[in-house]
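Chain letters run A, B, ... following the sequence lines, proteins first, then strands; residues in each count from 1.
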Amino acid sequence: MSRYNAKEVEAKWQQAWSEQRIFEARAEPGRPKYYVLEMFPYPSGRIHMGHVRNYTLGDVVARYRRARGFNVIHPMGWDAFGLPAENAARDKGIHPARWTYDNIANMRAELKSMGLAIDWTREIATCHPGYYGHQQKLFLDFLKAGLVDRKESAVNWDPVDQTVLANEQVIDGRGWRSGALVEKRKLAQWVFRITAFADELLESLGELERWPARVRLMQENWIGRSEGAYVNFPIVGRDSALKIFTTRHDTLFGASFMALSADHPLARQAGEKDPAVADFIAECQRMGTTEEAIEKAEKRGIDIGLRVRHPIDPSRELPVYIANFVLMDYGTGAIFGCPAHDQRDFDFATRYGLPIVPVVAPKGDAAAVASLDTAYVGDGLLINSGFLDGMTVADAKAAMAEKLRELDAGEPTVTFRLRDWGLSRQRYWGCPIPVIHCESCGIVPVPESDLPVILPDDVTFDRPGNPLDHHPTWKHVDCPSCGRAARRETDTMDTFVDSSWYFARFCSPRADVPIVREEVDYWLPVDQYIGGIEHAILHLLYSRFYSRAMKQCDWVSVDEPFDGLFTQGMVCHETYKSADGAWLYPEELEWLEDGGVRERQSGKPVTVGRSESMSKSKKNVIDPGAIIDKYGADTARWFMLSDSPPERDMEWTDAGVSGAWRFSQRLWRQIVESAPRHAAAPDALPNDIDDAGLAVRRATHKTIRDVGAAIDGFHFNVAVARIHEFSRVLGSYEGEGPSADWVIREALDALVRLFAPMMPHLAEEAWSTLGHSGLVAEAEWPAFDPQLVVDDTVTIVVQVGGKTRAKLELARDLDERAVREAAFASDNVVRAMAGKTARKVIVVPNRLVNVVV
RNA sequence: GGCCGCGUGGUGGAAUUGGUAGACACAGCAGACUUAAAAUCUGCUUCGGUUACCCGAGUGCCGGUUCGAGUCCGGCCGCGGCCACCA
């Protein structure tokens with residue numbers, strides 16, 4: 001029995017693909033293209049199972065589309081800037097560049113061992129000046145186009161590491177690395193004006209039909225459009241007014257106080273005069289932004305003595321508080337409090353003894369809201385509201401908006417939750433922001449002739465803060481405008497910037513301009529993008545913004561970069577804990593015959609925990625390298641595609657892997673053992689084949705149809721099942737085959753091409769064993785004969801009263817009367833009817849008969 | 001708290017979108033081959049009623065629409081995700 005040696009065979013075919021350069025893509029205007037892209041990896045050092053799943057899915061699509069005749073582009077690169085490289089430098093003394101490029105070399109080799117149909121000539125790394133230099137050019141274009149701004153904004157500041165932290169890096173109010181209490185600081189930051197596209201980014205979500213509904217919804221919520229109104233409350237004793245934003249202007253008559261954010265200019269003014277107010281502001285700024293902090297935080301405030309007039313009823317004066325629950329960067333940083341109809345305002349009013357005046361009641365029934373113990377946020381009719389009384393909430397909003405406009409006291413407006421994208425990071429290992437600060441000229445862009453602004457190599461990590469800041473010379477430059485001494489911007493860009501345009505750079509990865517228009521016009525948009533759901537918001541939203549910004553600067557023609565998006569599930573594995581509660585690696589365990597588990601070394605008992613997403617911290621990881629080494633890439637790929645639908649989480653099991661390995665061996669035997677016996681099909685197919693021959697041909701053509709449909713729909717697990725089934729069918733004819741041996745040959749030729757996208761190495765070996773000279777990677781997808789996928793007979797289900805009582809094998813398209821007769825002739829049907837007469841008979845052609853008794 | 005998903009055998013999951021529930025696989029059991037084991041092959045495998053046949057129940061729970069519901073509608077229960085003091 002011949003055994004398939006994956007290790008040798010896989011290396012051989014990987015070399016053949018590479019030597020024949022079949023995956024190198026070239027734009028061919030007029031020929032249909034297909035751009036397959038998986039989210040590029042961060043070069044952490046080793047690939048993990050999540051990568052294996054991601055790139056296997058993409059590779060199936062790429063190879064399948066190629067077989068379908070598309071001009072496929074399938075590139076790979078490295079999201080290579082980021083904090084871990086700097087941490088490695090601090091902890092191990094390795095330069096970030098060295099660490100990163102070493103990791104890339106490792107991971108490239110690992111990815112290559114997977115046998116991916118990738119055009120490696122297009123490989124890019126975002127940390128290379130040949131990439132980030134062009135990113136600086138785009139930045140300057142955006143700056144010129146008014147898409148970049150410099151803004152004072154509140155940031156999380158780690159006083160020990162002396163850097164800004166992203167929200168995700170603040171854990172329980174402390175820096176994740178230093179453990180220091182994080183402060184809120186105002187810093188001048190560069191921002192992309194993503195909010196300028198808020199409406200468009202929201203609107204266009206509707207056109208992304210090949211995106212998961214869930215992702216679109218998440219983006220919709222993230223952008224968070226709300227319709228409301230600005231309202232101006234004149235300040236008593238001053239010329240100015242306090243401007244607030246509300247979505248409930250219908251409840252304006254229920255106002256009982258005003259509340260300002262601690263960062264509001266009026267709050268600051270008050271703080272300068274009153275130490276108690278200043279103390280309260282300081283306290284608000286210290287307040288954590290974590291989930292628990294927010295949940296526990298009480299609604300608190302301080303009356304700053306200011307009074308405003310109600311805009312509709314000037315006789316009423318309202319107190320102005322600073323409140324800890326009002327955010328500066330949403331709306332205007334100030335609200336009016338309507339305790340009866342907002343829970344936060346209700347809590348606040350209760351605490352400070354402010355009036356609670358209901359102005360909306362169900363059906364206008366004032367009694368129903370006379371004594372509230374929580375805010376009433378439901379619908380109803382207006383009460384206690386002068387000219388609004390009796391109106392619905394919606395009508396009252398409209399009427400109030402009209403009134404505000406009349407009085408010049410406010411106007412309807414739309415507000416978004418989306419904020420501008422702060423891109424400044426006080427870090428070394430990122431793309432330098434190409435601007436210069438000059439005392440006399442202000443902000444001066446780096447002249448394009450001076451690009452790229454290259455990161456200096458000679459940096460030190462021996463003290464906290466940004467190494468670019470500590471560098472003795474790098475930041476000192478002459479102002480390009482006036483020539484006097486000036487300072488280079490030492491902040492670098494958020495790494496999300498790097499990944500916001502890489503799909504465009506892949507189209508012309510070596511060009512001396514960022515993007516070559518003819519190339520992107522041919523290849524973009526990405527037809528199928530594949531990656532984890534964790535990027536559902538930020539990366540995908542940023543890329544959508546970037547596309548629009550690049551279009552505005554005439555670099556690309558598309559608004560939407562990703563036509564189709566697929567979000568894969570995670571790879572999970574059981575977790576193991578020792579008796580003293582420490583996590584254990586699967587390799588540290590020994591499995592006993594009785595099904596128990598213990599530690600291999602010590603023999604101590606082990607608790608098997610639930611299956612969770614593979615992570616180093618829980619030690620429930622399986623190294624893909626070891627699996628590929630032992631079983632081959634095809635086995636790993638096949639297992640990834642089997643059983644679990646790709647969008648769902650899957651569980652990695654030893655049994656599953658060995659099952660995949662056994663099946664690959666089975667396929668190999670089946671093909672190699674039958675191949676010599678079966679001749680190729682004659683040009684003119686004979687009609688006189690026997691029943692077995694016809695059955696095999698039908699199975700072949702149905703499988704071709706079903707596998708194609710399954711791959712089209714991303715149901716790779718179903719495609720796998722159909723191939724299993726087909727292999728069994730062929731197996732059942734191994735002893736006594738059809739008289740026409742070309743029928744088996746036709747089946748094998750189809751079979752190999754059907755599993756080629758999934759197990760490409762085995763497929764090449766099988767294809768050549770079958771006597772084909774070319775590569776199966778370049779073979780056409782088999783076509784099915786529509787006549788052969790329709791059987792002559794159909795199984796008709798006969799139900800009596802909705803319960804299945806018989807199954808009849810009848811000729812296809814038999815007329816209704818004959819079907820009825822056959823149904824009533826069935827013993828089981830007669831018995832089930834028990835002498836009753838049929839009240840009604842429903843006949844669904846070629847499917848079922850339901851006798852209603 | 002808001003919004004959105006999902007609940008199918010021992011397990012992962014199928015089910016032409018309202019028409020045979022459990023394809024395919026894993027695990028398990030039985031058998032063949034073998035001195036034996038491994039490997040391989042064959043069969044069985046939702047639960048209950050004595051095997052075959054057949055009967056009853058069955059897609060989280062309760063109800064509804066329909067000749068017919070895993071699929072549609074209403075209400076519960078459970079699990080998960082995203083956002084979250086967003087005015």
**Request:** Specify the separation, in whole Å, of atom CD1 of I223(A) and atom P of C82(B).
**Result:** 18 Å

**Prompt:** Near D649(A) CG, under 6.0 Å, is it more than 12 heavy atoms from other residues, nucleotides or ligands?
**Reply:** yes

**Request:** For A27(B) versus G10(B), give the span between their C1' atoms, rounded off to a whole number of Å.
**Result:** 8 Å

**Message:** Students often get this wrong, so: under 4.0 angstrom with heavy atoms, is D329(A) touching a base, only sugar-phosphate, or nothing?
**Reply:** nothing

**Message:** Please pick, from C41(B), C83(B), G13(B), the nucleotide with the shortest atom-to-atom distance to any side-chain atom of S644(A).
**Reply:** G13(B)

**Prompt:** Which of these nucleotides, G13(B), G19(B), A87(B), is closest to any side-chain atom of L327(A)?
**Reply:** A87(B)

**Request:** Measure across A811(A) and V794(A) and return the closest heavy-atom pair with its distance rounded to 0.1 Å.
**Result:** O-CG2, 4.2 Å

**Message:** For a quick test of reading the model: is some side-chain N or O of R805(A) closer than 4.0 Å to OP1 or OP2 of C55(B)?
**Reply:** yes

**Request:** For V797(A), report the nucleic acid contact type (base, sugar-phosphate, nothing); a contact means any heavy atom under 4.0 Å.
**Result:** base

**Item:** Base orientation of G64(B), syn vs anti, 90° cut from 0
**Value:** anti

**Prompt:** Just checking R722(A): base, sugar-phosphate only, or nothing, at a heavy-atom cut-off of under 4.0 Å?
**Reply:** base

**Asked** In Watson-Crick or G-U wobble terms, both distances under 3.5 Å, what is the partner of A87(B)?
**Response** none

**Message:** From the set C55(B), A25(B), C85(B), return the single nucleotide nearest to any side-chain atom of R728(A).
**Reply:** A25(B)

**Message:** Expressed as a whole number of angstroms, how long is the span from K807(A):NZ to C54(B):C1'?
**Reply:** 14 Å

**Prompt:** Is there a donor-acceptor pair closer than 3.5 Å between any side-chain N or O of T247(A) and the backbone N or O of E227(A)?
**Reply:** no

**Asked** Hey, do the aromatic rings of F714(A) and F716(A) have their centres closer than 6.0 Å?
**Response** yes

**Fill in**
Of C4(B), C82(B), G19(B), the nucleotide closest to the side chain of N850(A) is G19(B)

**Complete:** Rounded to whole Å, the CD1-P distance (I322(A) to A87(B)) equals 22 Å

**Request:** Looking at every strand, decide which applies to D342(A) at a 4.0 Å heavy-atom threshold: base, sugar-phosphate, or nothing.
**Result:** nothing

**Prompt:** Given C3(B), A87(B), A15(B), which nucleotide is nearest the side-chain atoms of V718(A)?
**Reply:** A15(B)

**Fill in**
Per atom distances to the A721(A) side chain, the nearest of C3(B), C67(B), A23(B) is A23(B)

**Message:** So E725(A), base contact, sugar-phosphate only, or nothing? Heavy-atom distance under 4.0 Å.
**Reply:** sugar-phosphate

**Message:** Using a heavy-atom cut-off of 4.0 Å across all strands, would you classify S642(A) as base, sugar-phosphate, or nothing?
**Reply:** nothing

**Request:** Between G13(B), C54(B), C3(B), spot the one nearest the side chain of L217(A), thanks.
**Result:** C3(B)

**Which residue lies more 5' along RNA chain B, comparing V720(A) with E647(A) via nearest heavy atoms** = E647(A)

**Prompt:** Under 4.0 Å between a side-chain N or O of N717(A) and OP1 or OP2 of A14(B)?
**Reply:** yes

**Message:** Does this structure show an ion pair linking R248(A) with D342(A), if we count only N-O contacts that are shorter than 4.0 Å?
**Reply:** no

**Message:** Can you identify which nucleotide, out of G12(B), G19(B), C86(B), has its nearest atom closest to the D643(A) side chain?
**Reply:** G12(B)

**Request:** Assign each of R419(A) and R847(A) to its nearest nucleotide of RNA chain B by heavy atoms, then name whichever residue's nucleotide is nearer the 5' end.
**Result:** R847(A)

**Asked** Y230(A) and T415(A): side-chain donor and acceptor closer than 3.5 Å?
**Response** no

**Per W222(A) side chain, nearest of listed nucleotides A14(B), C83(B), C24(B)** = C83(B)

**Request:** Check whether any side-chain nitrogen or oxygen of K803(A) sits under 4.0 Å from OP1 or OP2 of A57(B), and answer yes or no.
**Result:** yes

**Message:** Under 4.0 Å from OP1 or OP2 of G2(B): is there any side-chain N or O of N221(A) that close?
**Reply:** no

**Request:** Inspect the surroundings of CZ in R698(A) and state if more than 12 heavy atoms from other residues, nucleotides or ligands are less than 6.0 Å away.
**Result:** yes

**Asked** Mind telling me whether U17(B) is syn or anti, cutoff 90° either side of 0?
**Response** syn

**Item:** Complementary nucleotide of G19(B), counting Watson-Crick and G-U pairs under 3.5 Å
**Value:** C67(B)

**Message:** Students often get this wrong, so: under 4.0 angstrom with heavy atoms, is V326(A) touching a base, only sugar-phosphate, or nothing?
**Reply:** base

**Asked** Using purine N1 to pyrimidine N3 plus N6-O4 or O6-N4 for Watson-Crick, or N1-O2 and O6-N3 for G-U wobble, both under 3.5 Å, which nucleotide pairs with G7(B)?
**Response** C77(B)

**Message:** Any base atoms under 4.0 Å from I842(A), or only sugar-phosphate, or nothing? Heavy atoms, all strands.
**Reply:** base

**Prompt:** Can a side chain N or O of R417(A) be found less than 4.0 Å away from OP1 or OP2 on A84(B)?
**Reply:** yes

**Message:** Strictly by Watson-Crick or wobble contacts shorter than 3.5 Å, is anything paired with A37(B), and which nucleotide is it?
**Reply:** none

**Prompt:** What heavy-atom pair brings N620(A) and S615(A) nearest, and what distance separates the two atoms?
**Reply:** OD1-N, 3.0 Å

**N/O (side chain, R214(A)) to phosphate O (OP1/OP2, C6(B)) under 4.0 Å** = no

**Request:** Give a yes/no answer on whether the side chain of T804(A) brings an N or O atom under 4.0 Å of OP1 or OP2 in A21(B).
**Result:** yes

